[in-house]
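For reference, the structure discussed in these notes is given below.
This chain uses plain numbering: 1 for the first residue, then up along the sequence. When a ligand or atom number is given, it counts from 1 through the structure's own listing order. Everything numeric in this text was worked out from a predicted model, so none of it was measured.
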Amino acid sequence: MASVNFIHPPDYKDITKNKKIETALPPKKAILLLSQHTGAPSEPVVSVGDSVKTGSLIAQAKGFISSNLHSSISGKVVTIEDSPHPIIGLSRAIIIESDGLDTKAYLNSVSAKDISALSKEEIMTLIKEAGIVGLGGAAFPTLVKLNPPPAKKIISLIINGAECEPFLTCDHRLMLEKSKEIILGVQLVANVLGVKNIIIGIEENKLDAIESIKSVVFRMKADDLKPKVVSLKTKYPQGGEKQLIKTLLNKEVPSGGLPLDIGIVVINVQTIFAIYEAIYLRKPLYERVITISGGFPNIAKNILVRIGTPIKDILDYCGLNPKLDIYKIVMGGPMTGVAQSNSKAPIIKGTSGILVLDKKFKLEEKELECIRCSRCIEACPVGLMPCMIGLSSKKAKFDIASSYDPFDCIECGSCSFVCPSNIPLVQLIKLAKVKIKA
Ligand code: SF4
Ligand code: SF4
């Protein structure tokens with residue numbers, strides 16, 4: 001990967017970038033999916049009929065790459081059953097009915113003295129117990145990143161505030177409204193990793209957030225670990241870990257490798273905020289900020305929602321009229337998001353937004369023959385040949401597809417976006433990955 005290719009899709013961020021974070025009402029019924037992170041599904045520790053509080057542990061991590069799960073409301077466990085999942089279709093879930101009280105199971109305040117007395121191990125244990133996973137989308141358990149094998153010395157910590165996906169502004173608003181808390185979270189993580197080189201990368205279409213974070217850094221004490229705040233040119237998919245590393249440090253993660261293989265840890269800003277809450281408030285991860293946007297500006301918001309809230313409840317809260325001419329509802333952004341067919345599917349830890357798209361976002365869907373224009377190759381940020389993988393996958397020639405490194409694909413969607421023949425390259429590449437793995 002000598003240089004990184006980027007594209008410039010319209011960003012549609014004006015719709016919500018000036019909208020302050022609102023707090024949604026907790027749901028009457030929370031659907032808490034056991035598979036909402038990378039790794040093994042969590043294992044229930046509650047039974048039907050049990051009473052739980054907001055923040056109570058309801059399922060625990062099963063193994064190293066897994067995550068704890070907490071109730072996002074107070075109430076009673078009514079069933080544990082298969083439920084609609086916004087990404088994988090169906091997954092086992094703990095369903096909790098609210099008692100309307102929202103009684104909290106955690107402290108909500110810890111003295112500065114108690115926090116400064118925490119050892120690295122204690123901080124890592126609290127992060128693990130709080131069920132924190134990467135909130136930029138991948139939902140990879142954060143503890144794994146903070147606990148690299150002894151042979152892998154971490155030199156740099158990158159805080160990902162790029163938020164390059166069109167429409168989404170939840171990270172932008174969080175950086176603007178919670179700058180101080182984010183910097184406290186950054187210090188915790190830097191201490192755990194023992195790194196001094198800390199960089200916060202934010203795209204220049206969020207100038208107010210850059211200024212806000214910089215002003216907190218400016219006021220830090222002389223002996224504090226000071227991050228460098230870097231304004232990045234706006235381009236897609238700069239928020240991908242490997243692309244951000246290339247932009248900020250001019251280093252390349254080897255094919256099939258991880259950032260920690262070259263001494264780097266990348267953590268999204270919203271994950272950092274969750275770490276701050278886990279340590280300073282002892283609050284488990286049961287809510288997050290998402291963006292509601294798309295073709296209906298009157299419902300657009302940045303909103304703090306409880307994990308497990310059905311999509312329909314959120315859209316009702318935002319005032320969506322279901323009689324409107326809706327073309328598609330997408331969880332996530334338009335480039336990497338997943339179209340939703342069941343509005344009973346809930347918000348999960350990795351949900352960054354819900355887009356309600358109208359007809360003007362309807363793309364020409366008639367698929368044509370590949371004209372060998374090579375635009376997909378020029379657009380690929382990883383230097384792959386998407387046409388070769390995609391077209392081999394289409395013909396079920398997965399052995400050929402596997403020879404073009406499909407597992408290096410970060411599923412950014414740039415190839416599909418630029419293809420003049422409307423070939424759903426990213427879907428075909430995802431299919432190839434599944435088939436080759438199988
Ligand atoms: S989806 Fe994969 S193959 Fe397509 S441009 Fe992105 S990284 Fe490259
Ligand atoms: S962009 Fe589309 S038409 Fe052009 S080479 Fe790639 S797959 Fe073929």
Does this structure show an ion pair linking [X] with [Y], if we count only N-O contacts that are shorter than 4.0 Å?
X	Y	result
Lys13	Asp11	no
Glu367	Lys394	yes
Glu411	Lys433	yes

[X]: numbered ligand 2 atoms lying under 4.0 Å from its heavy atoms:
X	answer
Ser374	4 (Fe), 5 (S)
Pro420	1 (S)
Ser421	3 (S)

Q.
Just so I know, are the side chains of Ile182 and Leu184 near enough to count as touching, which here means a heavy-atom distance under 4.5 Å?
A. no
Legend entry - Check: Ile303 and Cys318 side chains under 4.5 Å, non-hydrogen atoms: yes
Min over Cys370, Cys415, Cys373, Cys387 of heavy-atom distance to atom 4 (Fe) of ligand 2 lands on Cys373
message: I'd like to know if atom 6 (Fe) of ligand 1 has an N/O/S atom from Cys380 within less than 2.8 Å of it, counting both backbone and side-chain atoms.
response: no
Going by the 4.0 angstrom heavy-atom rule, the piece of Leu425 near ligand 1 is neither
Counting only heavy atoms from other residues, nucleotides and ligands, does the tally under 6.0 Å from NZ of Lys178 exceed 12? no
Looking at ligand 1, does Ile410 have a heavy atom less than 4.0 Å from it? yes
Please determine whether any non-hydrogen atom of Pro381 lies less than 4.0 Å from an atom of ligand 1. yes
Could you find the nearest protein heavy atom to [atom] and give me its residue, atom name and distance?
atom	answer
atom 6 (Fe) of ligand 2	Cys376 SG, 2.4 Å
atom 3 (S) of ligand 2	Ile371 N, 3.4 Å
atom 2 (Fe) of ligand 2	Cys419 SG, 2.4 Å

**Report entry** Distance-only donor-acceptor check, side chains Ser374 and Glu378, under 3.5 Å
**Finding:** yes
With His70 as partner, the option from Ile58, Leu57, Leu285 fulfilling side-chain contact (heavy atoms from CB on, under 4.5 Å) is Leu57
